[in-house]
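Residue numbering restarts at 1 for every chain, and letters A, B, ... go by the order of the sequence lines.
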There are 2 protein chains.
Amino acid sequence: MQTIAPELAELAALIADSGRAGILSRLMDGRAQTASELARVASVTPQTASWHLARLVERALLKVERRGPRRLYRLATPLVAQMLEGMMTVAAIDPHPSRPPPWIDAEMRRARTCYDHLAGELGVAVTDAMREHGHLHLDQEAGELTASGRAFLRDLGIDLRAPARSRRLLCRPCLDWSERRPHLAGRAGAAVADLALQRDWIRRRPQGRSVEITEAGLVAFRDLFGARI
Amino acid sequence: MQTIAPELAELAALIADSGRAGILSRLMDGRAQTASELARVASVTPQTASWHLARLVERALLKVERRGPRRLYRLATPLVAQMLEGMMTVAAIDPHPSRPPPWIDAEMRRARTCYDHLAGELGVAVTDAMREHGHLHLDQEAGELTASGRAFLRDLGIDLRAPARSRRLLCRPCLDWSERRPHLAGRAGAAVADLALQRDWIRRRPQGRSVEITEAGLVAFRDLFGARI
DNA sequence: TGAACATTTCGATCATGATCGAAGCGTTGC
DNA sequence: GCAACGCTTCGATCATGATCGAAATGTTCA
């Protein structure tokens, strides 16, 4: 049986190292990072990180771009992010349901970005609030933004028109691995996250994918969205 | 940075062995298989397969069920199939686009089942035909069955009503890793595949996930669906 | 109970690849 | 050109886990 299995194993082997998994996880926010930064999050020396990064680029999971004396690494395509999303969803399933999962960092669990949209308690709370106000229908496989939802986002100053040539979905669910429930993704999810960053409702922490919810953000998410956070 | 990265690496390591990848790939059709059969497709001895299977069950990627003196293994949840689907999509991307990908088995490429729906050239051709007849809208992220599509499937004898308590999506795309284009999945996709099996348009090959298109099937797919195969 | 068969467990061997120190390369700025 | 800096390459070492023969376990059927 000649199948894709060998390629599958080869791909998995690339992710199967904790250093490389840390690097990929760090890059899940879609931004580029320097080799040094990635060495730091992966807790390895720069030499080792360089070795890992070369492998990831060679297999086309990452793209590299030179910026002066530094090299910036980022995920090669959204397909890679989508794959990692799916793997994290399964990875978050505790095979021994008896013991609680204590290994999720509190800040990550609270609020983070998932490629380009909000995730964690914040992402799920915002999604739930929009759902309760009739702005949104969402289950594990598909989502729909209602007329009320479009109006709501428009009033917030969000332009939902798709960029030319974009085939990206307006509204789709993304299974949150820390909350184990779907949150809003797609163009609408990205727009909400962009808005939150622009209005300083959330701030990216200097390291890692977690974000800090500002005082203004707490007020905005509660009053404007009706989110319970 | 305490994240899910270690669990991600651990999960990937489980898939990173060619034997286990072969086993998982074999089980992607959603059916259960005996340990011996899985040892055969993985090209390892029964002892080795048993060792691999124990690991996959321990990590809750597989479920095992005793049937007399045999043990039947199957994917633990559809989430696992979905994850593997995403990984195969990335695994099928050739990192060196110059050389052609000769490693996909011709029968697999021609027609196979992907968990519960049709894939390969057949799956994509049926999807394209339904699309061209206005039965279907489908892009990489979402799909919709039109009124015409519902009527078309109803006339074929397909009951599209969702089983009670099923939250499964009627119509969704699944990226075909051999064709690199989306094909029809979801309840509608599964119903079409079921129909094809029942009417003997396709037959499962005794080993592997590929299916054989019968003479009647060729006629049916061409005349009833308008598929170019 | 005993024979046949599927599967698992145990034990020893072997191959792969992750790691980091040291050294080399390439870019920037003085 | 030279120094500083970020990053990569090389080389040697070490740990992990895949493999299979042999033997044990467990199930069915007579």
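When the C1' atom of dT16(D) is taken as reference, atom CH2 of Trp51(B) falls 10 Å away, rounded to whole Å. Per the geometry, CG belonging to Leu14(A) stands 17 Å off P belonging to dT16(C), to the nearest Å. As rounded to whole Å, 16 Å separates atom C1' of dA6(C) from atom CZ of Arg40(B). Straight-line distance from the CD atom of Glu58(B) to the C1' atom of dT9(C): 14 Å, rounded to whole Å. To the nearest angstrom, P of dT16(C) lies 14 Å from CD of Glu10(A). A straight line from CG of Leu72(A) to P of dT8(D) spans 11 Å, rounded to a whole angstrom. One interatomic measurement links the two molecules: CZ of Arg70(A) to P of dA4(D), which rounds to 17 Å at whole-angstrom precision. Distance Leu56(B) CG to dT8(C) P: 12 Å, rounded to the nearest Å.
Ring pair His183(B)/His117(B) is tilted by interplanar angle, where 30° to 60° counts as tilted.
Distance from the side chain of Val44(A) is smallest for dT19(C) among the nucleotides dT9(D), dT19(C), dA18(D). Comparing atom distances between the Pro46(B) side chain and each of dT8(C), dC20(D), dA18(C) picks out dT8(C) as nearest. When each of dG21(C), dA18(D), dG21(D) is scored by its nearest atom to the side-chain atoms of Thr45(A), the top-ranked nucleotide is dG21(C). Side-chain atoms of Arg20(A) lie closest to dA18(C) of the nucleotides dC20(D), dT9(C), dA18(C).
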Discussion item. Walk along nucleotides 23-30 of chain D from 5' to 3' and tag each nucleotide B, S or - by protein heavy-atom contact under 4.0 Å, base first, then sugar-phosphate.
Written reply: ---SSS--
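Residues meeting the side-chain contact (heavy atoms from CB on, under 4.5 Å) test with Thr89(A), sequence neighbours left out: Leu175(A), Leu79(B). In this view, His52(A) satisfies the ring-ring contact (aromatic ring centres under 6.0 Å, His included) rule with no residue, not counting sequence neighbours.
Look at Arg67(B) and Glu65(B) and you find a salt bridge, because one of the NZ, NE, NH1 or NH2 atoms lies within 4.0 Å of a carboxylate O, short of that distance. Under 4.0 Å is where a charged nitrogen must lie from a carboxylate oxygen, and between Arg110(A) and Glu212(A) no such pair does. Contact check on Arg187(B) versus Asp194(B) returns no salt bridge, with no Lys/Arg side-chain nitrogen under 4.0 Å from an Asp/Glu carboxylate oxygen.
The shortest distance between the side-chain N/O atoms of His52(B) and the OP1/OP2 oxygens of dG17(D) is not below 4.0 Å. In terms of phosphate contacts, Thr48(A) brings a side-chain nitrogen or oxygen within less than 4.0 Å of OP1 or OP2 of dC20(C).
For the residue pair Arg112(A) and Ser178(A), a side-chain donor N or O sits within less than 3.5 Å of a side-chain acceptor on the partner.
Nearest-nucleotide positions on DNA chain C for Tyr73(B) and Asp17(A) put Tyr73(B) closer to the 5' end.
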